[in-house]
Amino acid sequence: DVEVFESILQDIFQKAQVPLGNDKLKRPVVEALRNEGLNEILTEKILQFDNMLSYRHGVILLGQTGCGKTVSRQILAGIKGRQHVINPRSVSYGEMYGTLDPVSQQFTDGILATLVRSAVKSRPGNATHMEWLVFDGELNSSWMESLNTILDDSRVLCLVTGHRLNIG
């Protein structure tokens, strides 16, 4: 797919050079892959992933088992920040997003709200440091639908209580 896309770009924009990604990042990526005893073939995929993250704050990595999704994410997170991994199938909707006690009317933050608050609070002034909330598991519309507001350009997580957590 990449070759076809690059071929189309070359046909349309014959003199244009499309950069793969951050050249400064290539060396640390190669070193991290070597340190883990992994093949450097993932370098290009990791640089593409980083390039996508520079444009979008929500990215979905799709692929078959064993194609390098987790390794790519771990290598890049090890270089650029910290990740919090959640398997959304292992927790209930209430555990993920929070619950409202019907008697006391007290709202208890779920895992996602807790992690977002922590990530926003601990974010240093360094613009290259990233805090990643990773949903590692099969895509499911029921939990993805609730992420619409955080994934759109507003970059705000809207909780059931009306609280809004700004990640931007």
Side-chain angles (χ1 to χ4, degrees), residues 1-6 20-22 25 28-29 32-33 35-102 107-123 128-168:
D1 291 340
V2 173
E3 291 86 16
V4 172
F5 180 70
E6 287 175 349
L20 172 61
N22 184 346
L25 184 61
V29 167
L33 287 168
N35 290 342
E36 295 295 324
L38 299 169
N39 192 325
E40 292 177 32
I41 198 164
L42 286 175
T43 303
E44 185 176 344
K45 294 295 179 194
I46 295 169
L47 293 176
Q48 289 171 349
F49 178 37
D50 180 63
N51 194 27
M52 287 303 303
L53 287 170
S54 69
Y55 293 107
R56 308 299 300 158
H57 58 276
V59 176
I60 297 175
L61 297 178
L62 292 172
Q64 295 182 355
T65 302
C67 72
K69 299 178 301 291
T70 301
V71 169
S72 296
R73 187 190 65 201
Q74 289 172 335
I75 293 291
L76 192 56
I79 294 168
K80 297 190 98 176
R82 178 171 70 150
Q83 62 180 336
H84 308 276
V85 182
I86 305 166
N87 180 344
R89 295 269 195 192
S90 67
V91 295
S92 69
Y93 187 88
E95 291 171 319
M96 178 68 77
Y97 294 102
T99 57
L100 181 66
D101 185 298
F107 185 80
T108 303
D109 279 347
I111 295 167
L112 181 61
T114 301
L115 288 175
V116 168
R117 288 182 203 278
S118 172
V120 168
K121 191 182 296 184
S122 68
R123 183 174 47 202
T128 61
H129 177 84
M130 296 179 159
E131 291 280 335
W132 294 357
L133 303 179
V134 178
F135 293 87
D136 191 2
E138 189 176 314
L139 293 176
N140 183 315
S141 62
S142 66
W143 60 264
M144 285 197 58
E145 186 67 30
S146 298
L147 295 175
N148 278 342
T149 59
I150 202 168
L151 293 175
D152 69 17
D153 290 335
S154 70
R155 296 182 178 202
V156 173
L157 175 62
C158 297
L159 300 174
V160 177
T161 61
H163 288 103
R164 298 167 54 88
L165 304 177
N166 187 348
I167 65 163

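All values below come from the heavy atoms of this structure, side chains included, with hydrogens, waters and symmetry mates left out.
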Exercise for review: Give a yes or no on this: more than 12 heavy atoms of other residues, nucleotides or ligands lie within 6.0 Å of atom CD1 of Ile60.
Suggested key: no
Review point. Once you round to the nearest 0.5 Å, how far does CG of Leu115 lie from CD1 of Ile86?
Key: 5.0 Å
What pairs of donor and acceptor atoms, side-chain ones from residues 92-100 against any protein atom, are under 3.5 angstrom apart with sequence neighbours left out?
| from | atom 1 | to | atom 2 | distance (Å) |
| --- | --- | --- | --- | --- |
| Ser92 | OG | Glu95 | N | 3.1 |
| Ser92 | OG | Glu95 | OE1 | 3.3 |
| Tyr93 | OH | Ser146 | OG | 2.7 |
| Glu95 | OE1 | Ser92 | N | 2.7 |
| Tyr97 | OH | Trp143 | O | 2.5 |

Point to revise | Euclidean distance, Leu76 CG relative to Gln48 CD, rounded to 0.5 Å | key: 12.5 Å
Check your understanding: Which heavy atom of Lys69 sits nearest a heavy atom of Leu61, and at what distance?
Key -> CD-O, 3.6 Å
Review point. Do the side chains of Lys80 and Asp50 get nearer than 4.5 Å, heavy atoms only?
Key: yes
Study note, to complete from the structure: Here the side chain to side chain donor-acceptor pair (under 3.5 Å) pairs for residues 81-90, sequence neighbours left out, are Arg73-Gln83, Arg82-Ser122, Arg82-Glu131, His84-Glu131, Arg89-Glu138
Check your understanding: Do Leu25 and Leu47 come within less than 4.5 Å of each other through their side chains, counting heavy atoms only?
Key -> yes
Check your understanding: Between Ile41, Asn39, Leu42, which is the residue that forms a side-chain contact (heavy atoms from CB on, under 4.5 Å) with Leu33?
Key -> Leu42
Practice item. Could you walk me through whether Val71 and Glu36 pass side-chain contact (heavy atoms from CB on, under 4.5 Å), step by step? Key: CA-CA 10 Å; Val71 169; Glu36 295 295 324; over 6 Å; no
**Study point:** Closest heavy-atom pair and its distance - Ser72, Gly68
**Key:** OG-O, 2.7 Å
**Study point:** CZ/Arg117: more than 12 non-hydrogen atoms of other groups inside 6.0 Å
**Key:** yes
Point to revise | Worked verdict on Trp132 versus Val59 for side-chain contact (heavy atoms from CB on, under 4.5 Å) | key: CA-CA 11 Å; Trp132 294 357; Val59 176; over 6 Å; no
